[in-house]
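For reference, the structure is listed below as structure tokens.
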Amino acid sequence: MEKGFIELLIFDVLILIIPLLLYFFPPKEINAVYGYRTKRASKSKAAWDFAQKSFSRNWLLIPFIVIVSQLIMYFSGVQISGDPPIIPLVSLIEFLIGSIACICSTELALKNRIPNNN
């Protein structure tokens, strides 16, 4: 395996730690430092707890999707150190799009589940 690819996979595993921490150790109280923090999620304790669970569960899938796509690209012959570096670039775009999708999904679920949380 190419040296850059191993480093990329190590970075992916480190990125996986953030959603794992949020999933297994969600913030118990509404705060401005840790957790999924939006106006809608901060409206009530019920909304806060639901948002933490929903977002972390969805966000936990994103690093796995990115890692699988990296493996597929690498083993299909895409070079990691090309110009531009395709695998890291595609991985970053996947992570950003996946994170935005998780935010949208959580906000929609909050809006539908917590009706007084407009």
Side-chain angles (χ1 to χ4, degrees):
M1 278 194 184
E2 204 174 318
K3 181 182 177 192
F5 187 71
I6 293 171
E7 292 166 349
L8 187 62
L9 288 177
I10 290 170
F11 181 75
D12 291 339
V13 170
L14 293 175
I15 290 294
L16 181 61
I17 290 172
I18 296 168
L20 282 172
L21 286 174
L22 192 60
Y23 183 78
F24 287 111
F25 303 104
K28 304 293 183 213
E29 301 298 324
I30 299 172
N31 67 74
V33 179
Y34 173 61
Y36 178 80
R37 303 174 316 270
T38 63
K39 278 186 177 184
R40 188 169 277 143
S42 300
K43 292 273 183 176
S44 69
K45 179 76 167 110
W48 178 261
D49 291 339
F50 177 77
Q52 302 312 309
K53 182 183 273 187
S54 176
F55 181 75
S56 64
R57 184 181 53 240
N58 292 335
W59 204 36
L60 193 55
L61 297 174
I62 303 305
F64 289 111
I65 293 168
V66 170
I67 290 170
V68 167
S69 73
Q70 287 173 348
L71 291 171
I72 291 169
M73 284 187 285
Y74 181 76
F75 288 115
S76 66
V78 177
Q79 295 297 317
I80 193 164
S81 58
D83 190 28
I86 299 298
I87 294 176
L89 188 60
V90 169
S91 300
L92 176 64
I93 291 169
E94 286 175 336
F95 189 78
L96 289 174
I97 291 172
S99 296
I100 291 168
C102 289
I103 291 169
C104 293
S105 172
T106 301
E107 288 300 307
L108 185 62
L110 272 171
K111 185 176 182 179
N112 292 335
R113 182 169 175 124
I114 318 279
N116 64 351
N117 201 10
N118 299 323

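Source: prediction; values computed, not measured. Throughout, residue positions are numbered sequentially from 1 according to the sequence presented.
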Contact check, side chains of Thr106 and Trp59, non-hydrogen atoms, under 4.5 Å | no

Partner residues of Ser91 under the side-chain hydrogen bond (donor to acceptor under 3.5 Å, both in side chains) criterion, sequence neighbours left out = Gln70

Same apolar cluster (I L V M F W Y, side chains within < 4.5 Å links), Ile97/Leu89 | yes

Can you tell me how far CD1 of Ile87 sits from CG of Leu9, rounded to the nearest 0.5 angstrom?
-> 9.0 Å

Taking the side chain as every heavy atom from C-beta outward, state whether Ile62 and Pro19 have any atom pair closer than 4.5 Å.
-> no

Compute whether any side-chain donor of one residue and acceptor of the other, for Tyr34 and Gln52, lie under 3.5 angstrom apart.
-> no

May I ask whether Phe95 and Ile17 are part of the same hydrophobic cluster, defined by side-chain heavy atoms of I, L, V, M, F, W, Y residues being less than 4.5 angstrom apart, directly or through others?
-> yes

Kindly indicate, with the supporting measurements, whether the criterion side chain to side chain contact (heavy atoms under 4.5 Å, CB included) is fulfilled by Leu22 and Phe55.
-> CA-CA 9 Å; Leu22 192 60; Phe55 181 75; 3.8 Å; yes

Starting at SG of Cys104, measure out to CD1 of Ile100 and round the result to the nearest 0.5 Å.
-> 7.5 Å

When you look at Trp48 and Ser42, which way does the side-chain hydrogen bond (donor to acceptor under 3.5 Å, both in side chains) test go after all the steps?
-> CA-CA 6 Å; Trp48 178 261; Ser42 300; over 6 Å; no

Pairwise distance NZ(Lys43) to CD1(Ile30) - rounded to 0.5 angstrom = 11.0 Å

CG on Leu60 to CG on Leu21, rounded to 0.5 Å = 10.5 Å

Might you point out which heavy atoms bring Ser44 and Ala47 nearest each other, and give the distance in Å?
-> OG-N, 3.1 Å

In terms of hydrophobic clusters joined by side-chain contacts under 4.5 Å, are Ile86 and Phe75 together?
-> yes

Cluster check Tyr74, Leu71: I/L/V/M/F/W/Y, side chain < 4.5 angstrom | yes

When rounded to the nearest 0.5 Å, the distance separating OH of Tyr36 from CG of Leu110 is 6.5 Å

Who pairs with Lys45 by side-chain hydrogen bond (donor to acceptor under 3.5 Å, both in side chains), at least two apart in sequence or on another chain?
-> Asp49

Between Ser54 and Ala51, is there a donor-acceptor pair closer than 3.5 Å when you use the side chain of the first and the backbone of the second?
-> no

Taking a hydrophobic cluster as the set of Ile, Leu, Val, Met, Phe, Trp and Tyr residues connected by side-chain heavy atoms closer than 4.5 Å, whether directly or through intermediates, do Ile15 and Phe64 fall within one such cluster?
-> yes

Salt bridge (Lys or Arg N to Asp or Glu O under 4.0 Å) filter on Glu94, not counting sequence neighbours, yields none

Mark yes when over 12 heavy atoms from residues, nucleotides or ligands other than Tyr23 sit less than 6.0 Å from its OH; otherwise mark no.
-> no

